[in-house]
Amino acid sequence: MFPGDRAPDAHLATARGNSRVFDLLRGPHFTLLAVGGAVPPAGLPAYVRVYAIPPTAPYAPDGLCLVRPDGYLALITGDPGEVTAYLVGLREGRPAGGVPVQTLAT
C-alpha cells in the first residue's frame, strides 16, 4: 500500500461485532485508521473521523492510515506528527510535498 492507492477493504472483528474498513470510510470526511497500538494525534479537526482498528492485513500493525474522502490513501505513517503536518498543509493550501498550490489567473 502506498499513498495515492485506493484504501483496501478488510474484515474487522471487534467487540461490537464484525465490520469492514469500507463501512468506516463512508461519508464526506477524512478517516484516520489507528491500527493496533498506534496513537492518533490529539486535537484533530472535526472533518477527521478516527477509528482504532485491530491489526489486520493489509494494514500495517501500529500504523496510522489517513484516508481522503474519496477513499484514497493520503498518508501512511507511524508518526502522529506527520498526520498533523499533513492536515495543516491542507488548511494552508500545501499538498503533502510542501509545495504551495498554484492557482490560475482568470
**Q** Could you tell me the separation between the CD1 atom of Ile76 and the CG atom of Leu64, rounded to the nearest 0.5 Å?
**A** 10.5 Å
**Q** Check whether any side-chain heavy atom of Pro40 sits under 4.5 Å from a side-chain heavy atom of Val83, and report yes or no.
**A**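 Result no, sub-4.5 Å side-chain heavy-atom pair not found.
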**Q** With side-chain contact (heavy atoms from CB on, under 4.5 Å) as the criterion, how do Leu66 and Thr31 come out once you've worked through the C-alpha distance, each side chain's angles and the decisive distance to 0.1 Å?
**A** CA-CA 6 Å; Leu66 183 64; Thr31 303; over 6 Å; no
**Q** What verdict does the side-chain contact (heavy atoms from CB on, under 4.5 Å) test give for Leu75 and Val67, after you've listed the backbone C-alpha separation in whole Å, the side-chain angles of each residue and the deciding distance to 0.1 Å?
**A** CA-CA 7 Å; Leu75 181 68; Val67 183; over 6 Å; no
**Q** Can you name the nearest heavy-atom pair linking Ala7 to Phe22, along with the distance?
**A** O-CE1, 3.1 Å
**Q** Quick check: closest heavy atoms across Pro58 and Met1, and the distance to 0.1 Å?
**A** O-CE, 3.8 Å
**Q** Can Arg68 be said to sit on top of Tyr47's aromatic six-ring, NZ or CZ under 6.0 Å from centre and within 45° of the ring axis?
**A** no
**Q** Judged by atom type as modelled, is there a donor-acceptor pair below 3.5 Å linking the side chain of Asp62 to the main-chain atoms of Gly37?
**A** yes
**Q** Contact between Leu73 and Phe2 at the side-chain level, heavy atoms closer than 4.5 Å - yes or no?
**A** no
**Q** Go through the steps to decide whether Phe30 and Leu90 satisfy the test side-chain contact (heavy atoms from CB on, under 4.5 Å), and finish with yes or no.
**A** CA-CA 12 Å; Phe30 277 80; Leu90 285 179; 3.5 Å; yes
**Q** Please give me the minimum heavy-atom distance between Val39 and Pro80, naming the atom from each residue.
**A**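 Nearest heavy atoms, Val39 then Pro80: O-CG, 3.2 Å.
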**Q** Would you name the heavy atoms of Pro54 and Val35 that are closest together and state the gap between them?
**A**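 That closest heavy-atom pairing would be O-CG1, 4.0 Å.
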**Q** Given side chains that start at C-beta, do those of Leu24 and Ile53 come closer than 4.5 Å, heavy atoms only?
**A**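 A side-chain contact exists here, since the closest heavy-atom pair is under 4.5 Å.
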**Q** Indicate yes or no: at least one non-hydrogen side-chain atom of Tyr59 is less than 4.5 angstrom from one of Leu33.
**A** yes
**Q** State plainly whether one hydrophobic cluster holds both Tyr51 and Leu12, where clusters connect Ile, Leu, Val, Met, Phe, Trp and Tyr through side-chain heavy atoms under 4.5 angstrom apart.
**A**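 Per the 4.5 Å side-chain linkage, Tyr51 and Leu12 are co-clustered.
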**Q** What are the two closest heavy atoms between Pro55 and Pro61, and how far apart are they?
**A**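 Looks like CB-CB, 4.3 Å.
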**Q** Where do Arg49 and Arg26 come nearest, in terms of heavy atoms and distance?
**A**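 In terms of heavy atoms, the two residues are closest at NH1-O, 4.1 Å.
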**Q** When clusters are formed by joining ILVMFWY residues with side-chain heavy atoms under 4.5 Å apart, either directly or through shared neighbours, do Leu32 and Leu87 land in the same one?
**A**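 Leu32 clusters together with Leu87.
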